[in-house]
Q: 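Have a look at this one before I ask anything.
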Amino acid sequence: MNKPIEDYALIGDLESAAMIGRDGSIDWLCLPRFDSPACFASLLGTEDNGFWRVAPLDAQRCCSRRAYRDDTLILDSWWETDSGTVRVSDFMPPRTRFPCIVRTVEGTSGCVRVRSELKPRFNQGRIVPWVREAGACTVAVAGPDSLWLSAGDTGRTPRGGDPGTLDFTVSAGRRVTLMLAWAPSHLCEMPAPLCVPAETALKETGDFWRDWTARCRYQGPWRDAVVRSLITLKALTYAPTGGIVAAPTASLPEYAGGERNWDYRYCWLRDSALTLSCLLRSGYRNEAAAWLDWLLRAVAGGPAGLQTVYGLEGQRGLPESEAPWLPGYEGARPVRFGNAAAGQFQLDVYGDVLGTLYRSLRAGIPLERHMWSLVNALMNYLREHWREPDQGLWEVRGPRRHFVHSKVMSWVAADRALRIGALLDRNGSSGQWRAMRDAIHAEVCREGWDPVRRSFVQSYGSSALDASALLIPRLGFLRPGDDRVRRTIAAMRELDQGGFVRRYVVDGRGVHDVDGLRGGEGAFVACSLWYADALASVGERDRARETFERVLAVRNDVGLLSEQWDPVRHRHLGNTPQAFSHIALVETAFALQRAGVTAKACA
């Protein structure tokens, strides 16, 4: 039986990530990159699909407690047993050449028997490797992949002749380190990371994260939550290129047993642009510069027709396929890898990209000369296509529509392009862009407003609500004091589910007429945060704080948020940790601070 999604914590090295359950098992790991085939995939199946568990033999199924070390991505888990207590520390050192996971078991009292059980399954959990002993290491090999396990001085005893399972004893004050490294299988020597002393790797990892978080300039009442979200966003950055993945996991369902199961291990322009905006606001200029470089490489050769999503290195082709050998998380099928959203037409990404370019320029990051060419290419394309229907923010797989949010973001694109031109003193196209901006604004206010509901709606001609309308004041499309903004915010009560906001309403059969997919879904975490932001903008500070802190309360025990929250079963849903959710948390914390909202404990 699969563990709850909220049971998982994240460790990573800015090129890949591992998901560790409260039972000490790494159930998801893709090496050597975020988008590589998984070598541990029991998250989407059973233990037969690969895992690595380190835990006391006589402990309860889950650790007693766990926490990240302050301002780092080093995870400490404490296990209390009848014979004593141990602390297991998990982390991935900053990458040198090959990825490595370090798991240190330290006795704090008594004498505890511990088991390390390693069962890799390469190629998305389906290939059983050849496992052998190679000197002081256990090596698992299949096709192009190999994993090397160094168990150090464990006094280890392989169980039942299985070299992947080791039993050892840890007494008070004793420390045992297990290190697992990936390397291409044609390299027949122990990977270099296994030669680094564990104490050195721990110090370097801790220093890296503490140095990075020390640059955060948010000093508001929710600083711990903001810093944890920023660390999570940094961990989702693919350091070699500057790309940012939406989540490190794939095919975790948005509804129990449903079919909304998507692969998020790629770089969505929307998520990446918003992440960089978020990091930039928090004081991280280097990340913004790296992303701008990634953007130029990704869109080179066709900058006008932006894709919605790209690969880590800017790849355009991300073919979507199904994995029938995996039973899916709690039976949710199909299990999908790759993402067909790469072929969708979404207007909103133009506003996201141009908005980020504008914020970068305002922050003092110089734009290269060819960046202005990119601005012109994007605007020339958008001038020709903004009147067309698209698949929208939510990437619906039904027919294209005139989504209100897409049109608002087209307005944002024109508005920010004009502002960039003003800052750079380049106004050659300003007349055309200003006319486009005004035309979009007039059309949205006419076609996107429902006079019966007295609210902005999801698409032209529809009466359905959409939580993305909550972004209208934040984006500057209308002022917060505008009566249409206030009435739209008030209408969003219809999307309330247990105090959380859904992105839109599905019908009684669990089908939404826009996307046509079966099964319901939970409340979209970011939407509740947008609601808090919108409430603060119109002066409803108490409700804004209550909404924001309601979201903070459903983070898991180590401060992570998934894509959605199930207000009925009180569980996380969707891929985890989700960049979009953590972006919204940071942005809303800044917005509430500007609005003078204080934490309840500080009020």
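All residue numbers refer to positions in the sequence shown, counting from 1. We use all heavy atoms of the structure for the numbers below, so side chains are in, but hydrogens, waters and symmetry mates are not.
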Q: If we ignore angles and hydrogens, is there a donor and acceptor under 3.5 Å between the side chains of Glu395 and Trp268?
A: yes

Q: Take Glu199 and Leu202, measure what side chain to side chain contact (heavy atoms under 4.5 Å, CB included) needs, and give me the verdict at the end.
A: CA-CA 5 Å; Glu199 294 79 7; Leu202 178 63; 5.7 Å; no

Q: Apply the test side chain to side chain contact (heavy atoms under 4.5 Å, CB included) to residues Gln564 and Phe500: give CA-CA distance (whole Å), side-chain angles for both, the deciding distance (0.1 Å), then the verdict.
A: CA-CA 10 Å; Gln564 298 187 19; Phe500 293 83; over 6 Å; no

Q: Quick check for you: to the nearest 0.5 Å, what is the distance between Asp35 atom CG and Ser16 atom OG?
A: 9.0 Å

Q: Is the distance between the ring centroids of Phe524 and Trp394 under 6.0 Å?
A: yes

Q: Quick one: are Trp411 and Arg416 in side-chain contact, heavy atoms under 4.5 Å?
A: yes

Q: Nearest 0.5 Å, what's the CG-OG distance between Leu573 and Ser562?
A: 8.0 Å

Q: Is it true that the side chains of Ser25 and Asp27 contain a donor and an acceptor less than 3.5 Å apart?
A: yes

Q: Does atom CZ of Arg223 have more than 12 heavy-atom neighbours from other groups under 6.0 Å away?
A: yes

Q: Could you tell me the separation between the CG atom of Leu470 and the CG atom of Leu495, rounded to the nearest 0.5 Å?
A: 8.0 Å

Q: What distance separates Arg419 CZ from Arg362 CZ, expressed to the nearest 0.5 Å?
A: 8.0 Å

Q: Tell me if a side-chain donor or acceptor on Arg397 pairs with a main-chain N or O of Gln391 at a distance below 3.5 Å.
A: no

Q: Would you check if Leu10 and Tyr68 make a side-chain contact, meaning some heavy-atom pair closer than 4.5 Å?
A: yes

Q: Could you grab the distance from atom CG of Leu44 to atom CG of Asn261, nearest 0.5 Å is fine?
A: 9.0 Å

Q: Can a salt bridge be assigned to the pair Arg297 and Asp293 using a cut-off of 4.0 Å between side-chain N and carboxylate O?
A: no

Q: In Å, rounded to the nearest 0.5 Å, how long is the span from CG of Leu560 to OG1 of Thr232?
A: 5.0 Å

Q: Trp222 and Phe548: aromatic ring centres closer than 6.0 Å?
A: yes

Q: For the side chain of Arg87 and the backbone of Asp76, is there at least one donor-acceptor N/O pair under 3.5 Å apart?
A: no

Q: For side chain to side chain contact (heavy atoms under 4.5 Å, CB included), just list the numbers for Trp294 and Cys267, CA-CA rounded to whole Å, side-chain angles, deciding distance to a tenth of an Å, and then say yes or no.
A: CA-CA 10 Å; Trp294 175 87; Cys267 303; 3.6 Å; yes

Q: Would you say the side chains of Tyr264 and Glu563 form a donor-acceptor pair under 3.5 Å?
A: yes

Q: Please check: side-chain N/O of Arg555 versus main-chain N/O of Leu552, any donor-acceptor pairing under 3.5 Å?
A: yes

Q: Quick one about Arg69 and Ser89 (side-chain donor to acceptor, distance below 3.5 Å, no hydrogens or angles considered), yes or no?
A: yes

Q: Are any of the side-chain nitrogens in Arg571 or Glu330 under 4.0 Å away from the carboxylate oxygens of its partner?
A: yes

Q: Surrounding CG of Asp224 (heavy atoms of other residues, nucleotides or ligands, distance under 6.0 Å), is the total greater than 12?
A: no

Q: Is it the case that the side chain of Ser251 and the backbone of Asp263 share a donor-acceptor pair, with hydrogens and angles ignored and the cut-off at 3.5 Å?
A: no

Q: Would you indicate whether the side-chain heavy atoms of Ile5 and Asn556 approach each other to under 4.5 Å?
A: no

Q: Classify the side-chain pair Asp466/Gln458 by whether it contains a donor and acceptor separated by less than 3.5 Å.
A: yes

Q: Return yes if some donor-acceptor pair links the side-chain N/O of Glu313 with the main-chain N/O of Gln315 below 3.5 Å, else return no.
A: no

Q: Where the side chain of Thr588 meets the backbone of Leu585, is there a donor-acceptor pair that is under 3.5 Å apart?
A: no

Q: Decide yes or no on side chain to side chain contact (heavy atoms under 4.5 Å, CB included) for Leu561 and Val554, but give the supporting numbers first.
A: CA-CA 8 Å; Leu561 287 166; Val554 303; 4.2 Å; yes

Q: Taking all heavy atoms of Ser406 and all of Asp390, pick out the closest pair and write down the distance.
A: OG-OD2, 2.8 Å

Q: Between Ser42 and Asn2, what is the shortest heavy-atom contact and its length?
A: O-ND2, 3.4 Å

Q: Fit a plane to each ring of Phe337 and Trp28, take the angle between them on a 0 to 90° scale, and name the class: parallel (under 30°), tilted (30 to 60°) or perpendicular (over 60°).
A: parallel

Q: Would you say the side-chain atoms of Tyr329 pair up with the backbone N or O of Ala256, donor to acceptor, closer than 3.5 Å?
A: no

Q: Taking only Lys NZ, Arg NE, NH1 and NH2, and the carboxylate oxygens of Asp or Glu, determine whether Arg474 and Glu587 approach each other closer than 4.0 Å.
A: no

Q: Are any of the side-chain heavy atoms of Leu423 and Tyr358 separated by less than 4.5 Å?
A: yes

Q: So which atom in Pro94 and which in Glu204 form the shortest heavy-atom distance, rounded to 0.1 Å?
A: CG-O, 4.5 Å

Q: Is there side-chain contact between Ile101 and Trp52, with at least one heavy-atom pair below 4.5 Å?
A: yes

Q: Determine whether a donor-acceptor pair (N or O, by modelled atom type, separation under 3.5 Å) exists between the side chain of Ser272 and the backbone of Leu269.
A: no

Q: May I ask you to decide whether Asp542 forms a salt bridge with Arg545, counting only side-chain N to carboxylate O separations under 4.0 Å?
A: yes

Q: Which pair of non-hydrogen atoms, one from Pro480 and one from Ser537, has the smallest distance, and what is that distance?
A: CB-O, 3.3 Å

Q: Cation-pi check, Arg260 to Tyr255: give yes when NZ or CZ is under 6.0 Å from the six-membered ring centre and within 45° of the ring axis, no otherwise.
A: no

Q: Cation over ring, Arg550 on Trp565, under 6.0 Å and within 45°?
A: no

Q: Looking at every non-hydrogen atom in both residues, tell me the closest pair between Leu31 and Trp182 and how far apart they are.
A: CD1-CB, 3.7 Å

Q: Taking the side chain as every heavy atom from C-beta outward, state whether Asp271 and Leu236 have any pair of such atoms under 4.5 Å apart.
A: no

Q: Do Val227 and Asp71 come close enough that some side-chain heavy atom pair is under 4.5 Å?
A: yes

Q: For Arg543, is there any backbone N or O sitting under 3.5 Å from a side-chain donor or acceptor partner on Thr547?
A: yes

Q: Can a side-chain donor-acceptor contact be found between Tyr218 and Arg281 if the only test is distance below 3.5 angstrom?
A: no

Q: Within a radius of less than 6.0 Å around CG of Asp70, do more than 12 heavy atoms belonging to other residues, nucleotides or ligands occur?
A: no

Q: Would you say that Lys407 contacts Leu347 through its side chain, given a criterion of any heavy-atom pair below 4.5 Å between the two side chains?
A: yes

Q: Check this for me: Arg215, atom CZ, are more than 12 non-hydrogen atoms of other residues, nucleotides or ligands nearer than 6.0 Å?
A: yes

Q: For Arg336 and Glu259, indicate whether the former's side chain and the latter's backbone hold a donor-acceptor pair under 3.5 Å.
A: yes

Q: Show the nearest heavy-atom pair for residues Met19 and Pro248, with the distance to one decimal.
A: SD-CG, 4.1 Å

Q: Have a look at Ile11 and tell me which of Ile74, Val102, Thr205, Asp90 forms a side chain to side chain contact (heavy atoms under 4.5 Å, CB included) with it.
A: Asp90

